[in-house]
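Let me begin by handing over the structure; questions about it come next.
Sequential numbering from 1 along the given sequence is applied to the chain's residues.
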Amino acid sequence: MRVLVTGGAGFIGSHVVDRLEKSGVETAVLDTVPPERSPWAGANPPEWFEGDVRDEGAVARALEGVDAVCHQAAMVGLGKGFADAPPYVSANDLGTAVLLRGMAAAGVRGLVLAGSMVVYGEGDYRCADHGTVRPPARAAADLAAGRFEPGCPECGARLLTSAIREGAPTEPRSVYAVTKLAQEQLAAVWADSTGGSAISLRYHNVYGDGMPKDTPYAGVASFFRSALERGEAPKVFEDGAQRRDFVHVDDVASANETALRALPRLGEGRTRAYNTGSGEPHTIGEMATALASAYGGPQPVVTGEYRLGDVRHITASSERIATELGWRAEVPFEEGMRRFAAEPLAV
């Protein structure tokens with residue numbers, strides 16, 4: 001099998017490439033980064049195609065002789081506001097459309113897509129009296145007053161949370177989230193029209209070595225790790241009780257390999273989404289504390305600050321991918337935090 005990894009120089013993409021090559025999979029990379037600035041600089045990089053997924057010529061060249069594509073290239077993070085909409089839509093959705101058209105023309109019929117939990121919006125909430133509910137986005141006035149927990153939209157009561165499943169309604173609440181859902185929908189249309197097979201891995205909070213440091217698009221784990229490296233206490237927003245599923249990048253790389261090998265079993269014209277998480281929910285405060293302790297740096301400070309558009313709780317049920325594909329995360333939370341505390345970040 002020959003696999004093209006788009007965005008193969010990036011945080012997750014580079015780990016996917018390493019995993020595939022160690023498993024004996026012939027791998028090629030399409031990335032805007034030149035090979036001499038890649039994670040393999042000075043070593044032996046995989047076959048390299050320097051270019052953008054929006055460039056039809058670069059895509060066509062990279063797809064020659066390819067059996068499947070692992071599509072990691074994307075503009076990531078929640079962005080800073082709606083002004084970011086054009087670059088997000090261009091990089092993520094136009095880029096995916098150009099890639100899929102190139103795959104259709106080249107006869108490539110297998111796709112694993114880097115999806116995201118952000119397509120759900122808030123997590124899975126239940127009211128004791130009203131059952132499953134979908135709370136609206138939290139109001140600035142509530143957040144400013146320290147009322148962080150969303151209430152039942154029917155009665156205002158405190159809600160119970162549980163791990164979200166793939167059948168939950170999608171409700172993207174940022175431009176980035178909209179583009180990630182659109183990528184899945186484009187992949188579904190491509191599969192239906194070409195007889196291809198597509199799997200979307202809905203990543204939860206991925207962390208690990210090679211995360212980019214000090215960037216608004218890196219994620220909370222990188223922010224905390226960067227602060228500790230500067231000798232500063234990690235700053236935890238809200239009250240630190242936001243629940244997430246933190247999954248190590250090595251596990252995400254193995255999930256991509258598993259999905260690629262499962263594509264022939266999926267069937268022609270079919271798409272399938274899988275939550276890709278650790279199955280061990282933790283609060284952001286717990287993660288910051290564990291990371292600070294492992295690093296030996298200052299303990300985190302809970303600031304009460306907030307960002308409009310952030311969701312309160314979302315954790316994954318990864319039972320579908322375990323049952324159907326046989327994949328489970330293997331890096332325990334405590335071990336992952338110890339490793340992350342000692343491993344380098346990308347500049």
* Asked: With a 4.5 Å heavy-atom cut-off, do Ser226 and Leu345 have their side chains touching?
  -> yes

* Structure fact -> Heavy atoms of Phe224 and Pro234 approach each other most closely as CD2-CB, 3.6 Å

* Hphob cluster co-occupancy, Leu291 + Val302, side-chain heavy atoms under 4.5 angstrom -> yes

* **All pairs passing salt bridge (Lys or Arg N to Asp or Glu O under 4.0 Å) where residues 89-113 contributes a residue, at least two apart** => Glu56-Arg101

* Locate the shortest heavy-atom distance separating Pro281 from Thr315; write the atom from each residue and the value. => CB-CG2, 3.5 Å

* Asked: If every non-hydrogen atom of Met75 is compared with every non-hydrogen atom of Ala91, which pair is closest and at what distance?
  -> CB-CB, 3.9 Å

* Donor on one side chain, acceptor on other, His15 and Asn256, under 3.5 Å -> no

* **Sequence-distant partners of His71, ring pair (Phe, Tyr, Trp, His ring centres under 6.0 Å), two or more places apart** => none

* Polar contact flag, side-chain donor to acceptor under 3.5 angstrom, Tyr274-Glu324 -> yes

* Structure fact -> Distance col, row Phe340:CZ vs Phe246:CZ, nearest 0.5 angstrom, shows 10.5 Å

* Is there a side-chain contact (heavy atoms from CB on, under 4.5 Å) between Val236 and Val301 once you walk through the steps? -> CA-CA 6 Å; Val236 179; Val301 174; over 6 Å; no

* Side-chain (Ser317) to main-chain (Ile164) donor-acceptor, under 3.5 angstrom -> no

* Asked: Going through the distances and angles, do Thr161 and Arg243 end up as a side-chain contact (heavy atoms from CB on, under 4.5 Å)?
  -> CA-CA 9 Å; Thr161 65; Arg243 296 173 75 244; 3.1 Å; yes

* Do Ser14 side-chain atoms and Phe11 backbone N/O form a donor-acceptor pair below 3.5 Å? -> yes

* Asked: So, Arg126 versus Ser162: side-chain donor-acceptor pair below 3.5 Å or not?
  -> yes

* Asked: Can Asp239 and Tyr306 be counted as having a side-chain donor-acceptor contact under 3.5 angstrom?
  -> no

* **Side-chain (Glu50) to main-chain (Asp31) donor-acceptor, under 3.5 angstrom** => no

* Can Arg19 and Ser254 be counted as having a side-chain donor-acceptor contact under 3.5 angstrom? -> no

* Asked: Does any non-hydrogen side-chain atom of Glu149 lie less than 4.5 Å from one of Leu159?
  -> no

* Got a sec, which pairs hit side chain to side chain donor-acceptor pair (under 3.5 Å) with one end in residues 33-42, sequence neighbours left out? -> Asp18-Trp40

* **Euclidean distance, Ser318 OG relative to Asp245 CG, rounded to 0.5 Å** => 6.0 Å

* Asked: What are the two closest heavy atoms between Ala233 and Ala227, and how far apart are they?
  -> O-CB, 4.2 Å

* Got a sec: does the CZ of Arg158 have more than 12 other heavy atoms crowding it under 6.0 Å? -> no

* **Donor-acceptor side-chain pairing of His248 and Glu330 below 3.5 angstrom** => no

* Asked: Apart from Val178 itself, what residues make up its hydrophobic cluster when side-chain heavy atoms of I, L, V, M, F, W and Y under 4.5 Å apart count as a link, directly or indirectly?
  -> none

* Asked: Hey, what do you get for CZ (Phe223) to CG (Leu228), rounding to the nearest 0.5 Å?
  -> 13.5 Å

* Is Thr96 reaching over with its side chain to a backbone N or O of Gln183, donor-acceptor style, under 3.5 angstrom? -> no

* Between Lys235 and Glu305, does at least one N-O distance fall below 4.0 Å, as a salt bridge requires? -> no

* Asked: With no hydrogens and no angle check, is any side-chain donor or acceptor of Gln242 less than 3.5 Å from a backbone partner on Phe237?
  -> yes

* Asked: Given side chains that start at C-beta, do those of Val247 and Val252 come closer than 4.5 Å, heavy atoms only?
  -> yes

* Asked: Could you go step by step and tell me if Ile321 and Leu201 meet the side-chain contact (heavy atoms from CB on, under 4.5 Å) rule?
  -> CA-CA 9 Å; Ile321 192 171; Leu201 298 175; 4.0 Å; yes

* Asked: Between atom CE of Met337 and atom CE of Met287, what is the distance when rounded to the nearest 0.5 Å?
  -> 5.5 Å

* To do: Assess whether atom CD of Glu268 is packed by more than 12 heavy atoms of other residues, nucleotides or ligands within 6.0 Å.
  => no

* Structure fact -> Residue set satisfying side-chain hydrogen bond (donor to acceptor under 3.5 Å, both in side chains) with Thr179, at least two apart, ordered chain then number -> Asn92

* Got a donor-acceptor contact below 3.5 angstrom from the Thr27 side chain to the Leu20 backbone? -> no

* Structure fact -> When every non-hydrogen atom of Ala68 is compared with those of Leu263, the smallest separation belongs to CB-CD1, 4.3 Å

* To do: Output all residues satisfying side-chain hydrogen bond (donor to acceptor under 3.5 Å, both in side chains) with Arg261, sequence neighbours left out; order by chain, then residue number.
  => Glu257

* Structure fact -> Hits for side-chain hydrogen bond (donor to acceptor under 3.5 Å, both in side chains) against Glu122, two or more places apart or cross-chain, chain-then-number order -> Tyr125

* To do: Inspect the contact between Arg339 and Glu335 and indicate whether a charged nitrogen and a carboxylate oxygen are less than 4.0 angstrom apart.
  => yes

* If a pair satisfies salt bridge (Lys or Arg N to Asp or Glu O under 4.0 Å) and one of its residues is in residues 60-77, list it, with sequence neighbours excluded. => none

* Asked: In the hydrophobic cluster built from side-chain contacts under 4.5 Å, what are the other members alongside Val66?
  -> Leu4, Leu30, Phe49, Val53, Val59, Leu63, Val69, Leu94, Val98, Leu99, Leu100, Met103, Val108, Leu111, Leu186, Trp190

* Asked: After noting the C-alpha distance and the side-chain angles of Arg165 and Asp124, does the key distance pass the side-chain contact (heavy atoms from CB on, under 4.5 Å) rule?
  -> CA-CA 8 Å; Arg165 297 181 180 273; Asp124 190 11; over 6 Å; no

* Asked: Are Glu343 and Arg225 close enough for a salt bridge, meaning some N to O gap below 4.0 Å?
  -> no

* **Distance-only donor-acceptor check, side chains Ser90 and Arg54, under 3.5 Å** => yes

* To do: Verify, without hydrogens or angle tests, whether Thr32 (side chain) and Asp52 (backbone) share a donor-acceptor contact under 3.5 angstrom.
  => no

* **salt bridge (Lys or Arg N to Asp or Glu O under 4.0 Å) partners of residues 132-145, not counting sequence neighbours, each pair once** => Arg134-Glu171, Arg138-Glu238, Asp142-Arg147

* **Nearest-0.5 Å distance that lies between atom CD1 in Ile199 and atom OG1 in Thr271** => 10.0 Å

* Starting at CZ of Arg244, measure out to OG of Ser278 and round the result to the nearest 0.5 Å. => 13.0 Å

* Structure fact -> Residue pairs meeting salt bridge (Lys or Arg N to Asp or Glu O under 4.0 Å), one or both in residues 176-194, sequence neighbours left out, come to Glu184-Arg202

* Are Ser293 and Tyr295 side-chain neighbours, meaning at least one heavy-atom pair lies under 4.5 Å? -> no

* Asked: Which heavy-atom pair separates Ala294 from Arg338 by the least distance, and what is that distance?
  -> CB-CA, 3.9 Å

* Asked: Has the side chain of Ser23 got a donor or acceptor atom that lies under 3.5 Å from a matching backbone atom of Val25?
  -> no

* Sub-4.5 Å side-chain heavy-atom contact between Asp84 and Val175 -> no

* Structure fact -> Those residues at least two apart in sequence (or on a different chain) that pass side-chain hydrogen bond (donor to acceptor under 3.5 Å, both in side chains) with Thr289 are none

